[in-house]
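Source: prediction; values computed, not measured. Position 1 is the first residue of the sequence; numbering continues from there.
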Amino acid sequence: MTPTSRRAAREAAQKQQADRDAAARGPRAGEKKPRRRGARIAWLIVAIVVIVLLGIACWVAFKALAVKNGLEESQQLIGELQNGADPKETVQKISEPARSAAEAASDPVWAALEWVPVAGENLRGVRLAAQSVDVLINDIAMPVLSADAASGSLITQLLDVAKGQAPRIGQLADEIAEVKKSTALVGPVRSGVDQVADVMDGVAPAVDLLPTLLGADGPRNYLLVFQNNAESLALGGSAASQTLVHVDNGAITMGAQGSSLGYQNGVAVDVPVDQSAIDLYSSFLVDHVNTSMSRPDFPTAAKIMRAWWQRDIAADQIDGVISIDPLALSRILVATGPIQLVTGDTLSSENAVSLLLNEVYKRWDSYKYPELVDGFFAAAAGAVFDRVASGQFDLKNMATALTESAAQGSILVWSEDAKVEEAIRGERVSGVLPTTNDDETTLGVYFNNSNGSKIDYYTRTAVTVAETCEADSTTFSVNAAIALPITQEEADALPRYIQSMTFGTTFRDWIYIYGPPGTTVSNVEVNGARVDILSHGIDDLGRPTARFEAWFEPGQRVDVTAAFTGSGSFGPVAVQTNPMINSVEPGITDSCG
């Protein structure tokens with residue numbers, strides 16, 4: 001074989017070997033060979049992502065199950081608490097499930113997923129509900145209930161807890177109120193968020209306000225006014241006695257006390273009031289201390305009472321005025337238990353109303369011995385005050401007493417402090433009639449004792465409202481009735497101070513009916529010769545009014561009616577009336593659908 005042939009054979013063999021090596025290595029750049037390696041990498045990435053997502057889903061599902069179990073257990077125990085279970089024991093049971101639910105919902109992975117559309121809104125709602133319940137139970141209820149009431153530490157602990165938790169409670173209340181607006185919430189989440197949001201909406205302002213009220217920001221003076229429902233007036237009754245209460249960083253002390261004997265009755269205090277108020281209630285609104293509560297507007301009454309005190313008793317700084325009556329006191333005594341008085345009497349929830357509003361006048365002739373009656377009231381007020389100020393009461397029963405009394409108008413609060421004003425705005429405790437018909441169409445019916453008697457321990461009242469509609473107008477017909485269901489013999493046997501000061505056993509009431517804003521008086525009626533229409537159509541507090549004078553004797557009943565007509569939108573009908581001793585729920589008939 002020639003050299004040329006041998007060289008060609010070697011080159012051919014080398015080329016074959018190179019081809020075999022290239023085939024083993026795979027395609028070169030630019031060659032259209034199967035993309036098996038790239039596909040394997042892509043599938044590997046997808047698999048990793050799927051595994052991660054499954055892991056996250058399982059983790060969140062695990063956390064969600066923990067939250068669900070914790071919230072459901074908390075909800076069940078809260079239901080037991082509302083049905084009368086022992087507060088301290090029940091709150092201790094709720095503590096752990098509430099804490100576990102909040103911890104599970106506070107997971108970082110959970111928080112990251114809250115940014116996912118739709119699902120994230122539900123996760124956020126569940127988290128906020130869990131955290132809110134946890135704070136309410138473990139950061140507020142547990143510390144307060146662990147306080148020793150017998151040592152007087154309850155009010156101090158309330159103050160400390162409020163100061164520490166107010167910012168957190170306020171933030172959660174704002175956040176859950178915002179998520180409540182979401183349209184993405186599913187049924188079970190929506191229900192839970194709504195319930196917790198409603199609770200937080202009530203708790204947050206109270207927790208925020210408590211340090212201010214208890215003098216954490218500096219000492220405060222409150223004028224505490226006791227109203228006598230046996231001599232009924234629009235806001236409750238005659239302003240029988242007053243006490244100055246001093247509060248300094250949770251320490252509560254009682255100061256001077258006043259009664260009608262200490263004021264210059266007949267000399268008006270210098271307080272500007274609307275002319276409509278004078279037209280309806282006369283100068284007695286500002287020149288007799290006992291009738292300061294005649295107009296159904298507590299800011300008016302509070303400013304008048306403050307002026308009386310500062311002019312005739314002491315030039316104290318008054319930061320707020322609080323009104324309370326024996327109806328509220330009887331509820332408070334459920335929380336404090338019976339209290340022994342220096343007079344030897346035992347004041348309890350069962351006898352507070354009868355003892356303070358009736359029996360005391362049988363014991364002493366108030367015309368002869370007014371100082372004895374005033375001294376008895378002062379002793380009762382001081383004893384109850386000392387018990388409450390010391391923190392010796394059942395917290396749950398006290399909360400119930402205050403809530404029910406405020407809803408009935410038996411406790412009223414006024415202050416020029418902006419935080420207090422904001423907290424009570426629109427609430428019954430403010431003693432202010434609503435200025436619009438948006439939420440409710442509120443009518444006011446008030447029975448004002450105008451004979452100086454204490455007969456309203458015995459009187460009965462009734463109020464009915466009928467709403468009727470035509471094509472372009474709505475009419476509200478209001479009937480107000482007052483009756484004295486005792487015999488003439490029983491009336492004759494009453495002490496002089498319970499009988500009418502001027503008319504003996506003939507009694508006189510001025511009945512005021514306030515129509516809804518935006519309406520006018522369309523009709524007024526009376527049912528007897530001794531019932532007169534004194535005025536109708538005077539606008540007071542932004543409302544049309546009708547005023548009647550009704551005379552009645554034992555065994556008699558008188559009725560008056562006023563109708564108010566207007567156009568536009570009206571919310572559901574509601575009625576405000578005096579907190580009477582013998583109260584009856586107003587009857588409402590709505591034929592407008």
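Legend: residues meeting ring pair (Phe, Tyr, Trp, His ring centres under 6.0 Å) with Tyr222, ordered by chain and number and at least two apart, are absent. Under the side chain to side chain donor-acceptor pair (under 3.5 Å) criterion, Thr346 pairs with Gln340, sequence neighbours left out. Residues passing the side-chain contact (heavy atoms from CB on, under 4.5 Å) test with Glu371 are Tyr369, sequence neighbours excluded. By the side chain to side chain donor-acceptor pair (under 3.5 Å) test, Arg363 is found to be paired with Asp345, residues two or more places apart in sequence or in another chain being considered. Scanning for salt bridge (charged side-chain N to carboxylate O under 4.0 Å, His left out) contacts around Glu422 gives Arg425, with sequence neighbours left out. Applying the ring pair (Phe, Tyr, Trp, His ring centres under 6.0 Å) rule to Tyr281 yields the partners Tyr512; only residues at least two apart in sequence or on another chain are considered.
Counted by atom type alone, Tyr263 and Gln242 present one or more donor-acceptor pairs between their side chains at under 3.5 Å. In summary, the side chains of Asn578 and Ser232 do not present any donor paired with an acceptor at a separation below 3.5 Å, with no hydrogens or angles considered. In the model, Ser405 has a side-chain atom that pairs as donor or acceptor with a side-chain atom of Arg331 under 3.5 Å.
Between Arg220 and Asp248 there is no salt bridge, since no side-chain nitrogen of the basic residue lies less than 4.0 Å from a carboxylate oxygen of the acidic one.
Using modelled atom types, no side-chain atom of Asp274 and backbone atom of Ser276 make a donor-acceptor pair closer than 3.5 Å. With hydrogens and angles ignored, the 3.5 Å screen pairs no side-chain donor or acceptor of Asp208 with any backbone N or O of Gly170. Thr291 places a side-chain N or O within 3.5 Å of a backbone atom of His288 that can act as its donor or acceptor partner.
If you look at Phe298 and Trp414, their ring centroids are not closer than 6.0 Å.
Annotation: side chain of Val225 is in contact with side chain of Val321 (closest heavy-atom distance under 4.5 Å). At least one side-chain heavy atom of Arg306 sits less than 4.5 Å from a side-chain heavy atom of Glu416.
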